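The structure appears below as structure tokens.
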2 protein chains.
Amino acid sequence: MSTIKDVAKYTGLSIATISKYINGGNVLEQNRELIKNAIEKLEYKRNDMARGLKTNKTMTIGILIPSLENIFFTTIVSIIEDILQDSGYGTIICDFKENVDLEQKKLEFLVSKNVDGIIMVSYGGDLEYIKSLSGKEIPVILLDRMIKGVDLDVVVADNLNASYQAVEELIIKKHKRIGIICGPKNTYTADERRKGYIRVHQDYNLDIDEKLMFNGRYTVESGYNGLEALKKMENPPTALLVTNYEMTIGAIMAINDLNIVVPSELSIIGFDNIQMAKVVRPPLSIVEQPMKEIGETAAKLLLKRLKGDYASFPAVHRLKTKVHIKESVQKLVN
Amino acid sequence: MSTIKDVAKYTGLSIATISKYINGGNVLEQNRELIKNAIEKLEYKRNDMARGLKTNKTMTIGILIPSLENIFFTTIVSIIEDILQDSGYGTIICDFKENVDLEQKKLEFLVSKNVDGIIMVSYGGDLEYIKSLSGKEIPVILLDRMIKGVDLDVVVADNLNASYQAVEELIIKKHKRIGIICGPKNTYTADERRKGYIRVHQDYNLDIDEKLMFNGRYTVESGYNGLEALKKMENPPTALLVTNYEMTIGAIMAINDLNIVVPSELSIIGFDNIQMAKVVRPPLSIVEQPMKEIGETAAKLLLKRLKGDYASFPAVHRLKTKVHIKESVQKLVN
DNA sequence: CCTCCAGCGCGAAACGTTTAGCTCTATAAT
DNA sequence: ATTATAGAGCTAAACGTTTCGCGCTGGAGG
């Protein structure tokens with residue numbers, strides 16, 4: 001492997017000039033050409049480790065997500081990775097298996113690896129620690145969930161209006177008793193989605209029956225339980241919104257097991273995974289989050305911060321979702 | 001951030017001795033203690049970049065998979081990552097979006113990042129290039145697919161016996177005309193799965209009707225087309241094996257669209273994703289690959305190679321699969 | 001008592017960059 | 001003609017490690 005020294009020797013120029021060239025400094029046109037050829041000829045490749053030693057930059061970005069088995073996150077990661085790679089950054093991806101203790105540990109791992117920036121989805125690990133990072137001038141971007149009281153850039157879906165619009169579709173179709181299977185209390189996304197549900201009821205002057213609001217844990221099992229509970233109640237809902245992918249799966253499993261006919265016995269709108277929506281019968285209506293946009297926005301924002309551009313910090317990007325209505329939703333006649 | 005120098009100054013020992021301690025060399029017990037305390041006190045952290053500059057090790061492993069949106073691969077990656085992290089390695093994960101050109105590019109990216117080792121799933125990129133890596137004494141482990149004529153460690157599922165056993169289940173249930181939706185010709189996994197199909201037919205003295213063997217492209221769409229084609233033929237199969245996750249999805253979509261009743265009109269066994277198997281109606285029989293085992297085996301093997309232990313190189317690990325029969329398969333009466 | 005040797009520690013060079021500060025030259029401004 | 005200025009290149013130090021080769025010490029073997 002040839003080094004900057006070899007290029008210097010080959011061209012007759014000094015090491016400093018080569019370095020200047022590499023980093024885009026001012027070099028005479030004729031020397032530019034000379035260096036360019038030499039680099040090609042000698043197959044010179046910059047040594048990121050030597051460079052990192054001087055600059056304290058590793059050219060790697062840490063990405064931390066709750067689970068690598070959750071396609072919502074991995075899709076976003078895939079997009080982020082591509083964009084960062086075009087700027088020469090490698091990405092170290094960690095998941096914490098939905099475990100808050102592990103979240104902390106993995107975050108520390110990333111920091112110990114000297115990443116230049118972090119994009120993360122937090123389930124509420126050590127907020128103090130996360131805050132302390134923002135002091136270390138290593139840019140951190142929060143994905144999917146905001147954290148109260150932490151001044152960091154954030155990219156989220158418009159969760160409130162997502163559930164607002166989904167429920168609105170059901171209301172327009174004359175449903176009066178609409179159930180919702182939500183995430184845990186005090187979880188950002190869940191709280192927002194709950195707010196949307198409540199607000200649309202208010203806007204349409206519909207009463208809210210607290211019993212129709214089931215709080216799950218964003219797991220398959222809790223989705224299953226939620227559907228069971230709602231179906232067993234005295235005056236069960238005629239329509240239902242399930243607010244994440246895993247719980248949607250659980251709910252559908254319960255629907256199958258209980259032999260509930262969709263949509264005549266229950267209209268249902270799920271969340272997130274378009275592909276699955278096509279596999280189940282009848283085709284499932286879903287709320288689609290703008291994964292591509294989320295990934296792009298986060299990656300570009302991070303790149304901007306890495307360049308030292310802290311304009312409008314902390315920025316909050318709230319991206320629009322889309323509701324796809326399919327045969328799993330029925331219009332009630334009254 | 002304190003350096004090895006600070007520790008030396010603090011303890012009154014030389015830099016060399018501290019380095020020795022850090023790397024597990026011989027140091028007097030009393031000095032060990034001294035150094036240990038100093039490190040703690042000064043919060044000394046080894047600088048991997050400086051170290052890397054000397055040793056040419058980055059303590060990062062490259063992982064290359066076809067798609068981050070394929071849960072089969074991401075599950076394996078998640079396991080690998082955990083194990084490597086326990087040994088201090090970070091992992092740079094790249095996907096190539098099922099695109100062979102991109103495979104090559106991403107692989108080069110990983111190499112340019114000076115990873116210490118690579119675990120990859122190849123769709124058949126530049127074999128010469130991959131071979132050249134094995135010359136560079138950077139260990140490479142092939143996952144999921146073997147490549148002919150390349151001497152590298154390999155961890156794969158026992159694809160041949162996977163389809164053998166799945167089809168055997170159908171044969172035992174008296175099916176005589178069994179269809180298979182397979183991957184592309186000249187693809188390792190697909191060829192193996194085809195072989196299993198053929199061998200079990202031979203072992204049970206059943207004729208093979210070439211028309212029952214559909215070659216898809218491991219995509220949702222080709223699974224859909226495959227089912228359509230098989231169903232439209234003159235003497236359609238009574239049972240079907242679909243040999244990857246995406247094509248299984250496609251096949252189920254087609255079954256829904258064509259209103260085919262499972263299992264009375266068609267028995268079906270799918271591949272890979274247990275969760276999905278529970279969501280569709282009736283519950284889907286599937287072939288499960290040992291993802292956990294695959295990940296563990298690959299990670300541990302790589303760790304071994306990184307230590308310079310090249311015992312039994314190149315090693316081939318062929319791991320057993322498991323067939324889960326559910327209501328989607330029916331026993332024929334004759 | 002001398003010689004060897006192992007164990008432990010040390011000094012210093014090296015890894016491949018970046019960058020501050022300098023010199024030199026050519027041109028513009030006076 | 002003189003001076004100021006900007007552009008281009010150079011020298012050398014520094015980043016934080018690892019490691020080679022050496023020296024010292026003390027105990028074992030003769």
Side-chain angles (χ1 to χ4, degrees), chain A residues 1-36 38-39 42-60 88 90 111-116 137 306-308, chain B residues 1-36 38-39 42-60 88 90 111-116 136-138 306-308:
Chain A
M1 203 83 255
S2 53
T3 75
I4 214 174
K5 255 184 205 159
D6 301 318
V7 179
K9 201 163 290 174
Y10 188 90
T11 55
L13 295 164
S14 83
I15 288 181
T17 308
I18 313 297
S19 175
K20 224 181 197 175
Y21 169 88
I22 291 169
N23 295 291
N26 279 334
V27 178
L28 273 190
E29 183 52 36
Q30 112 202 36
N31 286 335
R32 295 195 94 73
E33 201 60 29
L34 200 59
I35 297 173
K36 195 173 143 226
I39 285 181
L42 300 174
E43 295 183 4
Y44 166 76
K45 287 263 158 62
R46 182 180 77 202
N47 181 323
D48 278 346
M49 262 170 322
R51 159 184 256 215
L53 181 56
K54 278 301 283 185
T55 60
N56 260 316
K57 298 267 169 285
T58 51
M59 294 305 283
T60 37
V111 173
S112 85
K113 280 282 163 192
N114 279 304
V115 293
D116 295 342
E137 71 226 22
L306 286 168
K307 277 194 208 122
Chain B
M1 202 83 255
S2 53
T3 75
I4 214 175
K5 255 185 205 158
D6 301 317
V7 178
K9 202 161 290 172
Y10 189 89
T11 55
L13 295 165
S14 81
I15 289 182
T17 307
I18 312 296
S19 175
K20 224 182 196 175
Y21 168 88
I22 292 169
N23 295 291
N26 279 334
V27 179
L28 273 191
E29 184 54 35
Q30 114 201 34
N31 286 336
R32 296 193 92 71
E33 201 60 29
L34 201 60
I35 297 174
K36 197 174 142 224
I39 285 181
L42 300 173
E43 295 184 4
Y44 166 75
K45 286 264 158 62
R46 183 180 76 204
N47 181 323
D48 277 347
M49 260 170 325
R51 161 184 256 214
L53 181 56
K54 278 301 284 187
T55 61
N56 260 318
K57 297 270 169 284
T58 51
M59 295 303 283
T60 36
V111 173
S112 84
K113 281 281 164 192
N114 280 303
V115 293
D116 295 341
K136 275 186 185 171
E137 71 226 23
I138 138 169
L306 286 169
K307 278 194 207 117

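The structure displayed is predicted, hence computed values, not measured ones. Chain letters run A, B, ... following the sequence lines, proteins first, then strands; residues in each count from 1. Side-chain atoms are counted along with the backbone in the values below, which use heavy atoms only and exclude waters and symmetry mates.
Following rounding to the nearest Å, A:Met49 (CE) and D:dG16 (C1') show an atom-to-atom distance of 13 Å. When the P atom of D:dC10 is taken as reference, atom CG of A:Leu13 falls 5 Å away, rounded to whole Å. In this structure, B:Leu28 atom CG and D:dC24 atom C1' are separated by 13 Å, rounded to whole Å. Between the P atom of D:dT19 and the CD1 atom of B:Ile22 lies a distance of 12 Å, rounded to the nearest Å. Atom CE of B:Met1 is separated from atom P of D:dG16 by 11 Å (rounded to the nearest Å).
Within 4.0 Å (heavy atoms only), A:Thr3 reaches sugar-phosphate atoms of the nucleic acid but no base atom. Heavy atoms of A:Tyr44 sit under 4.0 angstrom from primed sugar atoms or phosphate atoms, though from no base atom. Using a 4.0 Å heavy-atom distance criterion, B:Lys45 is classed as a sugar-phosphate-only contact. Within 4.0 Å of A:Thr55, counting heavy atoms only, lie sugar-phosphate atoms of the nucleic acid but no base atom. Across all strands, A:Asn23 comes closer than 4.0 Å only to sugar-phosphate atoms, never to a base (heavy-atom distances).
The shortest heavy-atom contact between A:Thr58 and A:Val115 is OG1-CA, 3.7 Å. Nearest heavy-atom pair, A:Met59 versus B:Lys113, reported as atom, atom and distance to 0.1 Å: O-NZ, 3.1 Å. Nearest heavy atom pair, residue B:Leu42 against residue B:Ser2, reads O-OG, 2.7 Å.
Here A:Ser19 does not reach the OP1 or OP2 of C:dT17: none of its side-chain N or O atoms lies under 4.0 Å away.
Listed candidates were C:dC10, C:dG16, D:dT17. Nearest to the side chain of B:Ser14 is C:dC10. Side-chain atoms of B:Lys54 lie closest to D:dT18 of the nucleotides C:dT17, D:dT18, C:dC8.
Summary of the strand contacts: A:Arg51 and B:Ala16 both lie near DNA chain C, and taking for each the nucleotide with the nearest heavy atom, the more 5' one is attributed to B:Ala16. When the nearest nucleotides of DNA chain C are assigned to B:Lys20 and B:Leu53 by heavy-atom distance, the more 5′-ward of the two goes with B:Lys20.
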